[in-house]
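Given the structure is predicted, the values throughout are model-derived calculations rather than measurements. Atoms considered below: every heavy atom in the structure, side chains included; atoms not considered: hydrogens, waters and symmetry mates. All ligand and atom numbering here is 1-based and tracks the order in the structure.
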Amino acid sequence: MIDTMDKELTKKYRLFLKDSLRKVIDFSQTAQSRGVAPPPLEKPYAKESKRIDLPQYDQFKDIGKIDLKTAIGNRESRRSYSNQPLSREELSFLLWATQGIKQKLDPGHALRTVPSAGCRHALETYLCVLNVQGIDQGIYRYLPLEHQLLFEFTEENLNRKIVQAVLGQHYPGEAAVTFIWTTIPYRMEWRYDIAAHKVIAIDAGHVCQNLYLACEAIAAGTCAMAAYDQEGIDKLLRIDGQDEFTLYLASVGKK
Ligand SMILES: Cc1cc2nc3c(=O)[nH]c(=O)nc-3n(C[C@H](O)[C@H](O)[C@H](O)COP(=O)(O)O)c2cc1C
């Protein structure tokens, strides 16, 4: 049992938020500095896997049109949703807003709609789809380079399982879709070594804020979640929990 009042432990955890690490890391020895090739921009997948095309940016006709002042002013965490499904176009818009690629620079770097420390983008986006037009219930992964959804698998009672995985919080079970962001830390460690972890967490904040604002633009609501069963959700996603693990979630549904 950890004594949460332990002064040394508190000091250690606070250090995580500081940039003092930069002074002790030998940046000449990072994987990047040693000339190790950069890890792939997105988690590889079997080419024969089932993939779903998503409407492209220039096909977003009547969605996403709201002035920024209104979107920011109206933003709030929304935990109750109507039964109305999300359209495929709306889902595509949310994925573009949160992780969409604008320009591939080289095999290891791409500019996206969100910023990322060192342009490392060490996140993957999984979706627990429950109510999206034309997309069967299941677990999917966004492929930013292809702007496609990769079908991962489906399971019975996914709505119950996702609720269990977020410690009984009910809204993901009633949402159209839940975004589940995992991290592949090595993508950031390759450049920043042990200074990678704080910036991965900061990156996730930007992503989720874009989701909040994009939801306001399609009459949908979202609620961020950082309280979840780590091992439970990693098991649900069938990821290893070490080299890739869940970091943050947000459920989305129409108002
Ligand atoms: C990092 C982070 C983690 C959060 N985790 C949860 C959560 O697990 N469950 C939840 O219901 N809300 C969660 N929230 C939403 C906050 O409770 C909410 O943002 C806060 O109460 C302020 O309300 P507002 O977003 O409507 O302004 C989280 C928000 C953030 C930014």
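Of the charged side-chain nitrogens involved, none lies within less than 4.0 Å of a carboxylate oxygen, so that Glu244 and Arg187 do not count as a salt-bridged pair. Electrostatic pairing of Glu152 and Arg141 counts as a salt bridge here, judged by a charged N lying under 4.0 Å from a carboxylate O.
Panel note: side chain Arg191, backbone Pro38; no donor-acceptor pair is recorded below 3.5 Å.
Contact residues for ligand 1 (protein heavy atom closer than 4.0 angstrom to any ligand atom): Arg75, Glu76, Ser77, Arg79, Gln169, Tyr171, Cys223, Ala224, Met225, Ala226, Ala227, Tyr248.
Geometrically, Lys47 engages Tyr45 in a cation-pi contact, judged by NZ or CZ lying under 6.0 Å from the ring centre and within 45° of the ring axis.
Ile200 and Ile233 end up in different hydrophobic clusters when Ile, Leu, Val, Met, Phe, Trp and Tyr side chains are linked at under 4.5 Å.
Checking Thr246 against Asp234 by side-chain atom types alone, a donor-acceptor pair falls below 3.5 Å.
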